[in-house]
2 protein chains.
Amino acid sequence: MGITERKEREKAEMRRRIVDAAIDMFVAEGYEKVSIRNIADKIEYSPATIYLYYKDKDELLYDVQAEAFQRLADHFRTHVVSEDPLERLHQLVMSYLDFAREYEELYDLMFIIKAPMNTVENEDKWDNGEDAFGQLRDTVGACVEKGLIRFTDHMIATLSVWAFAHGFISLNLRCRINIAELNEENIPIIMRQSVQHYLDTIKV
Amino acid sequence: MGITERKEREKAEMRRRIVDAAIDMFVAEGYEKVSIRNIADKIEYSPATIYLYYKDKDELLYDVQAEAFQRLADHFRTHVVSEDPLERLHQLVMSYLDFAREYEELYDLMFIIKAPMNTVENEDKWDNGEDAFGQLRDTVGACVEKGLIRFTDHMIATLSVWAFAHGFISLNLRCRINIAELNEENIPIIMRQSVQHYLDTIKV
DNA sequence: AAATATAATGAACACTGTTTATTAAATCCA
DNA sequence: TGGATTTAATAAACAGTGTTCATTATATTT
């Protein structure tokens with residue numbers, strides 16, 4: 001009975017088509033401009049059809065987010081290559097900044113906007129970020145373990161590094177850093193200097 | 001000719017009424033649930049009337065934001081009272097965390113959501129945050145000046161402290177810190193510990 | 001080939017921000 | 001004071017949103 005298998009495959013293909021269209025539009029035009037109708041237009045189906053494959057927009061965004069987190073994890077795997085833990089940490093944080101700058105709209109979806117993370121309530125809730133976060137945790141963990149940075153608690157160390165980078169990125173993405181009377185060209189420089197300074201400061 | 005003056009006063013009063021209604025609804029129900037129609041309902045006017053006093057929703061949100069920033073500045077003035085620069089810095093950062101927790105939706109409007117800061121393009125663009133930011137800058141500045149923290153550049157120091165706190169707050173507000181397999185009760189504790197650790201780390 | 005199950009859709013609902021033509025009220029001027 | 005004029009408020013509409021549902025078209029099964 002290969003029909004049910006084929007149907008399942010077709011269903012998966014359709015979901016892929018929807019997610020691909022959605023993520024393309026996100027990267028190109030940003031969260032605000034992506035509507036169900038736009039996506040439906042792009043894949044040449046009626047808006048109602050999307051609701052045969054996703055129960056609502058949040059469920060779709062959840063898949064888009066999963067894809068985005070996978071790309072971040074891949075980004076890390078490509079750029080975090082050193083054997084030295086401190087060097088690895090440096091590469092990881094800097095490639096995090098790079099990712100945020102290259103894919104602003106994905107970063108937005110992953111870490112800033114409200115939907116869908118706080119609405120989706122299934123058991124494997126955080127599988128999305130697990131991979132990328134795991135790499136951060138392992139890298140920071142190695143530094144703590146070997147006494148290379150001024151932390152004793154793994155979680156505090158990991159969250160601190162993440163929060164520091166995210167704080168700069170999100171204040172910048174939302175144009176709040178400008179409150180400090182900085183012009184736009186200076187911001188990336190100041191950001192890198194600040195992150196560099198932070199990494200220097202936490203070194204033993 | 002007191003009529004034009006009275007008219008101006010009435011216009012200002014109407015704007016106040018609109019902003020007050022809006023900010024009340026923000027605090028109570030959050031950004032998502034506040035629509036022009038809701039505000040109009042609350043002040044018992046037609047939606048179209050609001051457009052006689054604000055050219056669009058962004059312009060209204062800008063005023064709401066200004067009010068929110070003023071409240072943060074007042075919050076600082078109340079809680080940042082020590083003469084010792086390091087103690088002041090501690091009080092400021094901790095009261096920032098408090099403010100974010102007590103007025104989540106205001107914090108959202110001020111630092112996280114997209115509108116209206118990146119759309120409003122008038123000259124006195126950042127007057128909104130100037131007061132609160134000024135207090136942060138002065139406090140951090142005093143610490144740098146007296147060689148109490150491991151920074152030489154004032155701006156880097158100020159932005160670093162801010163970004164660190166904001167990073168934790170916003171990751172928490174958007175439920176991203178949960179990626180680290182933490183349950184909700186632990187997060188405020190971990191946040192305070194991390195911030196405390198950070199302030200300890202930057203001390204000379 | 002007819003009956004049944006599945007897939008896709010057009011049209012509608014309730015909402016959003018915003019604009020415009022119309023009505024009501026206040027002010028001005030003779 | 002009474003009529004003309006300016007100002008204020010609104011109802012209704014437009015184009016957009018997410019979402020649902022009855023209806024139609026297409027596969028699959030018998």
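We name chains A, B, ... by the order of the sequence lines, and we start the count at 1 in each one.
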Separation of [N] [atom2] from [X] [atom1] (nearest whole Å):
X: B:Tyr51; N: C:dT20; atom1: OH; atom2: P; answer: 13 Å
X: B:Glu32; N: C:dC15; atom1: CD; atom2: C1'; answer: 14 Å
X: A:Lys57; N: D:dT17; atom1: NZ; atom2: P; answer: 9 Å
X: B:Lys33; N: C:dG17; atom1: NZ; atom2: C1'; answer: 19 Å
X: B:Leu52; N: C:dT22; atom1: CG; atom2: P; answer: 17 Å
X: A:Ile43; N: C:dA8; atom1: CD1; atom2: P; answer: 10 Å
X: B:Ile50; N: C:dT20; atom1: CD1; atom2: C1'; answer: 17 Å
X: B:Leu61; N: C:dG17; atom1: CG; atom2: P; answer: 10 Å

Practice task
Any chance you could lay out the side-chain hydrogen bond (donor to acceptor under 3.5 Å, both in side chains) test for B:Ser95 and B:Asp98, step after step, and finish with the verdict?
Solution key: CA-CA 5 Å; B:Ser95 66; B:Asp98 288 344; over 6 Å; no

Problem - Toward the 5' end of DNA chain C, by each residue's nearest nucleotide, B:Arg6 or B:Val34 - result: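 Looking at the nearest nucleotide for each, B:Val34 comes out on the 5' side.
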
Problem - B:Pro47 or A:Tyr45, whichever maps to the more 5' nucleotide of DNA chain C - result: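 That would be A:Tyr45.
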
Exercise for the section: Among the candidates D:dT19, D:dT10, C:dT9, find the nucleotide nearest to the side-chain atoms of A:Ser46. Expected result: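 Side chain of A:Ser46 sits closest to C:dT9.
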
Practice task
Among the candidates D:dT19, C:dA8, C:dG17, find the nucleotide nearest to the side-chain atoms of A:Thr49.
Solution key: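 For the A:Thr49 side chain, the nearest candidate turns out to be C:dA8.
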
Determine the interplanar angle of the [X] and [Y] rings, folded into 0 to 90°, and report it as parallel if under 30°, tilted if 30 to 60°, perpendicular if over 60°.
X: A:Phe99; Y: A:His75; answer: perpendicular
X: B:Phe164; Y: A:Tyr198; answer: tilted
X: A:His166; Y: B:His166; answer: parallel
X: B:Phe69; Y: B:Phe111; answer: perpendicular

Practice task
Specify the residue among A:Lys55 and A:Ser35 whose closest nucleotide of DNA chain D lies further upstream toward the 5′ end.
Solution key: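 Its nucleotide being nearer the 5' end, the pick is A:Ser35.
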
Exercise for the section: Respond yes when some side-chain nitrogen or oxygen of A:Asn38 is under 4.0 Å from OP1 or OP2 of D:dT17, and no when none is. Expected result: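 Result: yes.
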
Exercise for the section: Would you please confirm or rule out a distance under 4.0 Å between OP1 or OP2 of D:dA9 and any side-chain N or O of B:Tyr53? Expected result: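 Looking at the OP1 and OP2 atoms of D:dA9, one of them is under 4.0 Å from a side-chain N or O of B:Tyr53.
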
Practice task
State the dot-bracket string of DNA chain D. Criteria: Watson-Crick or G-U wobble, both atom distances under 3.5 angstrom; notation: ( ) intrastrand, [ ] crossing earlier pairs, | interstrand, . unpaired.
Solution key: ||||||||||||||||||||||||||||||

Handout entry: Any donor-acceptor N/O pair, A:Thr49 side chain to A:Tyr45 backbone, under 3.5 Å
Key =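 A pair under 3.5 Å: no.
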
Exercise for the section: Keeping the roles fixed (side chain from B:Arg176, backbone from B:Arg174), state whether a donor-acceptor pair exists under 3.5 Å. Expected result: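 Flag set: sc B:Arg176 to bb B:Arg174 pair under 3.5 Å.
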
Handout entry: Quiz item: A:Arg37 side-chain donor-acceptor pair to D:dG16 base, under 3.5 Å
Key =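 Under the 3.5 Å cut-off, the side chain and the base do not form any donor-acceptor pair.
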
